[in-house]
Structure formats: C-alpha cells, structure tokens
Amino acid sequence: MIEIQNVCKTYENGTRALRNVNIEIEDGEFVFIMGRSGSGKTTLFKLLMKEAELTSGKILVNDMDLQKMPRRYVPKYRRKLGVVFQDFRLLRDRNVFENVAFAQRVVGASTRSIRQSVPEMLKLVGLSSKYKSLPQQLSGGEQQRVAIARALINRPEVLLADEPTGNLDHENAIEIMKLLEQINRLGTTVVVITHSQEIVSKMGKRVIKLEKGQVVSDSRAEEQADS
Ligand code: ADP
Ligand code: ADP
C-alpha cells in the first residue's frame, strides 16, 4: 500500500511542485495520475522512487517511511518498484533478451533462473519471436513492451509508468494500456502518469488529477462519497 500524506515539495528555487498532496493506493489497484505539464506528476514519481526528498509530509510504502529509510536500503527499495518511461530507455547495443536479462543480472540472478524467466516474461508481453532483435529493429510499441518486461522481471509489487504511451500512436498506446491492465490483473499494483484524457476515459480506472501541485479530483474518493 502507498500512503502519501500531506506531502509538500518545494524546490530550492522556490517552485512549489506539490502542495499538501494526500493519496492512498491499495495493493492491486490500477491508478492514473493525470495533469498538465508542470502539475507535479514527475515530482511525485521522484519522491516515490526516493530520487528526491519531500519538504514536508510523509510517504509510506508498505508501512515503510521513505524519509526514515536508511540510505543503504534505497537501491533494494527501488528494485521493488518496476519503472517504465516515455522514452523506453533500453540498452541500444543489446538485444531484447539481454535488455530484459540485464535487470536480473544486476540483482545477481543465476543463469538458470534468467534462462527460465526471460522467455516467460517475453511471452507475457507478446515478444517471444523477437528476442534476438535490437531495439532499433523494433517499433515504438514493441520497445515499450521490452521496457515493461524488464520492469517486471524481478517481480516488483508496484509498476510505475511515467507517460508510457507518450511516444506512441493511438493504436499502440491502447495496446500498451491493455498490457498494463493484464499485468494488474495478475496482481501488480500499477500507477500510470499520463496527460491523455482519451486514454484515461477509455480505461475506466481510478483517476487522480493534479493541478499546480494539488490533487483537484480523485475518482475513487468521489465514488465513495456517492455511495
Ligand atoms: P509534471 O511532471 O507534471 O510536468 P513536474 O513535477 O516535472 O511536473 O514539475 C512540477 C513543477 O516543479 C514545475 O513548475 C516544474 O518546473 C518544477 N520543477 C520540476 N523539477 C524541478 C527542479 N529540479 N527544480 C526546480 N523546479 C522544478
Ligand atoms: P522529465 O519530466 O523529462 O523527467 P524533469 O523532471 O527534469 O523532466 O523536468 C520537468 C519539468 O521541470 C520541466 O518543465 C523542466 O523545465 C522543469 N525543471 C527541471 N529541472 C528544473 C530546474 N532545476 N529548475 C527549474 N525547472 C526545472
């Protein structure tokens, strides 16, 4: 469970990127964080990944207070999060198999385990036949599938995706969203940043809207208020 409590983030130059943000995300949820450019979405992500420090408030991830987390534990914590970016961030000189395997090698997985789990993951994302391709030989949608396989290979509890469809055409964007939905059904909590109203409307999931660093609406809170 992710608990964001009264979180404020003010950058050194005085920019107030987040103002009193309160969000609770349960295990197994699928949540969109929506907002225009500059609304604070990336800042929120960086706080969740412990790449930036909050100014006030509290973030708990599975009851761990991120501010109190010892520095030496941070790399281990980050590996519990699968992360996907708009620009895929694949290794250009490695093939699909190696891009996914790499994430396992850095955590010291055995060759045997890599040989078993990489093909499984490539099957899940629909890329079994392309395991030898280099990133530049793939379409944008396929590259994002590789990035998703890499994010999931170490079985994170939470998948964070920052504008995962920002570089894709509509058709590919929908395919990627369907894949994220499938991953969510298999048990992973999925948090997706987007500014696409179209995608959010199509998916029918919980939507949290940020404006100028504040939560201005949360579809789940509204449902609870209605019932
Ligand atoms: P989004 O991801 O929604 O586009 P950001 O979280 O990147 O929004 O930015 C929120 C606000 O904080 C913006 O006004 C942005 O210019 C500012 N900002 C982001 N990063 C920094 C930084 N490192 N230093 C100062 N201001 C920043
Ligand atoms: P990205 O969303 O690609 O990760 P950043 O988070 O670095 O990019 O930046 C997001 C927004 O914050 C951009 O609009 C950028 O101009 C602004 N920003 C980043 N760093 C600073 C900074 N040091 N001072 C002011 N604005 C910043």
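Since this is a predicted model, take the numbers as computed values, not measurements. Whatever order the structure lists them in is the order used to number ligands and atoms, beginning at 1.
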Enumerate the residue pairs fulfilling side chain to side chain donor-acceptor pair (under 3.5 Å) with a member in residues 65-85, sequence neighbours excluded, ordered by first and then second residue. none
Output all residues satisfying ring-ring contact (aromatic ring centres under 6.0 Å, His included) with Phe32, sequence neighbours left out; order by chain, then residue number. Phe30
Between Met121 and Gln104, does a side-chain contact (heavy atoms from CB on, under 4.5 Å) hold up when you go through it step by step? CA-CA 12 Å; Met121 202 51 78; Gln104 279 212 294; over 6 Å; no
Quick one, Arg150 with Arg89, criterion side-chain contact (heavy atoms from CB on, under 4.5 Å). Give me CA distance, side-chain angles, the key distance, then yes/no. CA-CA 11 Å; Arg150 178 182 59 186; Arg89 302 195 189 178; 4.2 Å; yes
Which pair of non-hydrogen atoms, one from Asp87 and one from Asn167, has the smallest distance, and what is that distance? CA-ND2, 3.8 Å
For Asn13, which part has a heavy atom under 4.0 Å from ligand 1: side chain, backbone, both, or neither? side chain
As an exercise, identify every atom of ligand 1 less than 4.0 angstrom from a heavy atom of Ser37. 4 (O)
Is it true that Glu120 and Arg155 have a side-chain N and a carboxylate O under 4.0 angstrom from each other? yes
Atoms in ligand 1 with a heavy atom of Ser39 nearer than 4.0 Å: 1 (P), 3 (O), 8 (O)
Atom indices of ligand 1 within 4.0 angstrom of Ala17 heavy atoms, with elements: 10 (C), 11 (C), 12 (O)
Val7 and Lys58 have their tightest heavy-atom pair at CG2-O, 3.4 Å
At under 4.0 Å between heavy atoms, which part of Thr42 makes contact with ligand 1: side chain, backbone, both or neither? both
Nearest heavy-atom approach of Gly213 to Val21 is O-CG2, 3.3 Å
May I ask you to check if ligand 1 and Gly40 share an N or O to N or O distance below 3.5 Å? yes
Among the heavy atoms of Gly35, does any lie under 4.0 Å from an atom of ligand 1? no
Quick test of your reading of the structure: of Lys41, His195, Lys46, Glu12, whose heavy atom lies closest to atom 3 (O) of ligand 1? Lys41
Quick check: Leu44 and ligand 1, any N/O pair under 3.5 Å apart? no
Enumerated ligand 1 atoms positioned under 4.0 Å from heavy atoms of Arg36: 3 (O)
Close approach, Lys9 and ligand 1, non-hydrogen under 4.0 angstrom: no
